[in-house]
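One is the number of the first residue; the rest follow in order along the sequence. Everything quoted here is computed from the prediction, not taken from an experiment. The basis for the numbers below is simple: all heavy atoms, side chains too, and nothing from hydrogens, waters or symmetry mates.
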Amino acid sequence: MKSFIITFLLALVTMAGQANTYKTIKSPVAMACVNVADGELEVREVIMSDTATTVHFTMEYETGHHFRFVKESYLMDEDGNRYPLRSAEGIALDAWVQSPESGVTNFTMHFEPMPKKVQAFDFIEGDGTGAFMLLGIHDSHVKLNTPTMQQLSAANPFTLPDYWYNTAAITIRGRIEGYDAERFGFKSLEGFVGDVFAKENGMMVIDIAPDGSFEKQFMASYPVSTKLCTKETKVDFDEIPFFARPGETIDITVRRNAEGCYECVYHNGSSHEVERWLKSKLMTGYLSNPLALFQGSFSDAAMLAEEVWRNMLYRIGMVSHRDHFTPMEMQLALSDAQLYLATAFLDYAMMMKYNVMKQVDGVYYDEIVDSINWKALNDANSYAPLHRVDFDNPLMLSNSHLFSLVNRLQYASPATQAYFKATGQKRLDDYYAVLREMLGSKDNTLIAQLCLYKQMLTEFRNWRTEKERTIEALKNSPNLPDSLRERVLNSIPTVESKYTMVSNTFTHPYVKAKADEFYSQEMGQTELATPLSNAPMADLIRSLSAKYPGRYLVIDFWGMSCAPCRSAIQESKELRAEIGKRDDVKLVFIAGERTTEGSDAYKKYVAEWLADEETVCVTNDDFTRLQELFRFGGIPHYETITPDGRRVRDDLQIRGFYNFDHEMKQLKEALK
């Protein structure tokens, strides 16, 4: 009897020590994978019990590359509650792990127990810079309670501030507490501060003083939401997000908080007003990545776009509730989500354009290898996912990714076909008609007008040189009757008439005002070339001019990560060989790399495609300063420098190598 009692008590103790598993999720899905640049992090299974939440992970990472998970990792539920990591199996914590030959690492993590009611949660690999994240992990068979955009918007009524459309300087100043350049690993911050109405845009570099203070001023035509970043940090801090309106000074202090993590403290102005939104880590851009990277058919992409949109709304609803967004913060979040959804779908379409074309050694040919998707690509009806987006929303202007959206839409296949198939007023009418169909709008929206505005900026140089090109062509036609020659010359539209035709389509008053301002500035420009500033990187350009005295420099800014750059270089090799025989010009190729020696891939590429040509490799930091000097954001980008070291005006710049002789002749004639 005594033995039975002891056995019974031991059984009770054993049962009491066993976990009570109340939920198991097989093959859960995640809404977004964040910061896993060289691979993919996935969850195989989640086991929730009253003693622990166990998550089985799979990390697919490039073979031979290293990654790390820290012991400060945690799970976070919908209400913002954290569940710290207790232990891990199959992976060492706080140690760099080399991806095996298979590229696959399976491991398990045990966290503090989450309540059964939790339906979706995030995995966050600590609060440090570049932490791995899996957002919105949930059972794919369970329908999440996702609000609609109309519900979120109606619950947060918002009136556009009077200051929205305005042109003035923005000043960003602040201080990083405890800053030491050697310990932090960087001496400057950089950020894209472009203006969609400006002809030239580029990066802004802010130098940091030894005491950690910084200050910079730039012009803006509307409120700006962007980040100051560094790529070279040695501490758990690498960016300062801010929101500022024209005419405003934003004062920011970067300091450690109670948990020991760096955070931004906004002392005043617009950044302070939307501080919760700036710090919320909504990650809606990452939520759109599956759509941007999708390689299936247009019909499947449309279905995926619906899923991505629901994920965005779910996360906005959850985070805004948790962080107590104001109406303005909610409307900014919804505007960003719409912008990212549209850009992601247009990114998908852009890549589809290349996927359906024959490709050999990185060069694309006109031969179509997928006629079904080619037809869909050029059909405005295929872009129905864009109909979810309000392209008249002025809040979109503040997002620095607006440039990508306008660019992708401006050059979307249905739009470009409509634009270049016609001429004159019909060209503009057809272009707008296709954009209306693509965007699901009865009107020419703000974004559609910005697309034509950017076309105007692109073509303005051609408007100014069209007459000269025609005259040159007539000179080469000596047998042309004088009467016909005269009629041809008289038929050439003036710059004013072309501008008037385009500007008359701008019904948005601010777009029209900015177009008029641009036209007045361009037509009032008398200098054909301007001296370089005294910025440090200008000395590099001056040294190249000194190296090749008496020659024009045509500089190609490119990079190894830029496929269009490499394609242009490879396709123009024979043309450059002919240009290289000239003694009046020198081609220069400048790329940014981690070091001035360049990576092995860079060296190999230069040896194959740019051998015996003038190549310059600068650090990524210095390349950013060159972007600031010449006011450009994307690459490839070309600049022309006169023999006396001046930068040639935009409409006279040499833009590549395919019409080189004529453009160089035109430039020389203009500069006489």
Side-chain angles (χ1 to χ4, degrees), residues 181 186-188 190 200-207 216 231-232 527-562 565-566 568-569 572 576-577 579-599 602-603 605-607 609-650 652-657 660 663-664 667-668 670-671:
F186 58 89
K187 297 180 180 180
S188 63
E190 62 187 58
E200 297 175 323
N201 289 287
M203 303 295 290
M204 174 178 70
V205 180
I206 301 183
D207 291 313
K216 193 87 171 190
K231 304 183 186 76
E232 306 296 334
E527 293 292 329
L528 301 181
T530 55
L532 296 174
S533 70
N534 291 322
M537 292 310 294
D539 290 339
L540 169 64
I541 308 303
R542 281 189 275 267
S543 69
L544 289 168
S545 289
K547 186 175 180 180
Y548 299 102
R551 295 201 197 187
Y552 288 86
L553 300 181
V554 176
I555 305 174
D556 182 343
F557 292 97
W558 69 289
M560 285 296 294
S561 62
C562 171
C565 298
R566 298 197 310 274
I569 288 172
S572 64
R576 299 198 314 274
I579 296 170
K581 298 175 183 178
R582 300 177 59 138
D583 60 4
D584 61 339
V585 65
K586 183 64 181 178
L587 304 182
V588 180
F589 296 83
I590 300 180
E593 289 274 303
R594 189 174 180 82
T595 67
T596 55
E597 290 76 26
S599 63
Y602 169 84
K603 294 174 185 175
Y605 188 86
V606 167
W609 293 103
L610 294 169
D612 302 322
E613 298 191 62
E614 182 64 51
T615 58
V616 179
C617 185
V618 299
T619 64
N620 290 324
D621 181 63
D622 282 343
F623 193 85
T624 303
R625 293 179 184 276
L626 285 166
Q627 289 179 288
E628 182 181 40
L629 173 66
F630 289 112
R631 298 293 297 163
F632 70 94
I635 51 177
H637 177 79
Y638 302 95
E639 289 286 343
T640 308
I641 308 297
T642 64
D644 58 351
R646 293 178 297 151
R647 182 193 186 192
V648 170
R649 197 172 73 186
D650 179 70
L652 295 171
Q653 290 277 347
I654 308 299
R655 302 292 186 186
F657 312 110
F660 194 91
E663 289 185 0
M664 181 57 69
L667 171 60
K668 287 184 172 183
L671 291 175

Worksheet entry | Side-chain heavy atoms of Arg625 within contact of Asp207, under 4.5 Å | yes

Worksheet item: Does the Glu639 side chain pair with the main chain of Asp556, one donor and one acceptor, at a distance under 3.5 Å?
Response: no

Discussion item. ring-ring contact (aromatic ring centres under 6.0 Å, His included), that's the test. Do Trp558 and Tyr605 meet it? Break it down for me.
Written reply: CA-CA 12 Å; Trp558 69 289; Tyr605 188 86; 5.6 Å; yes

Worksheet item: Under the 3.5 angstrom rule, does the side chain of Thr642 hit a backbone N or O of Arg646 as a donor-acceptor pair?
Response: yes

Item to complete: Evaluate the side chain to side chain donor-acceptor pair (under 3.5 Å) criterion for residues Asp621 and Thr619: first the C-alpha distance (whole Å), next the side-chain angles of each, then the deciding distance (0.1 Å), finally the verdict.
Response: CA-CA 5 Å; Asp621 181 63; Thr619 64; 5.0 Å; no

Discussion item. Would you call the rings of Phe657 and Tyr638 parallel, tilted or perpendicular, taking 30° and 60° as the class edges?
Written reply: perpendicular

Item to complete: Decide yes or no for Phe589 and Phe557: does some side-chain heavy atom of the first lie under 4.5 Å from some side-chain heavy atom of the second?
Response: no

Discussion item. Can you tell me if Asp584 has over 12 outside heavy atoms packed within less than 6.0 Å of its CG?
Written reply: yes

Worksheet item: Looking at side-chain heavy atoms only, is the closest gap between Phe186 and Lys231 below 4.5 Å?
Response: no

Worksheet item: Heavy-atom count around Arg582 CZ within 6.0 Å, excluding the residue itself: above 12?
Response: yes

Worksheet item: For Leu587, does its backbone N or O pair with a side-chain atom of Glu614 as donor and acceptor, under 3.5 Å?
Response: no

Worksheet item: How about Lys187: does its NZ atom have over 12 heavy atoms from other parts shown lying under 6.0 Å from it?
Response: no

Practice prompt. Answer yes or no: is there a side-chain heavy-atom contact under 4.5 Å between Val554 and Lys586?
Written response: no

Discussion item. Within the 4.5 Å heavy-atom criterion, are Leu528 and Val648 side-chain neighbours or not?
Written reply: no

Worksheet item: Short question: side chain of Arg647, backbone of Phe630 - any donor-acceptor pair under 3.5 Å?
Response: yes

Item to complete: Taking the side chain as every heavy atom from C-beta outward, state whether Ile590 and Ile555 have any atom pair closer than 4.5 Å.
Response: yes

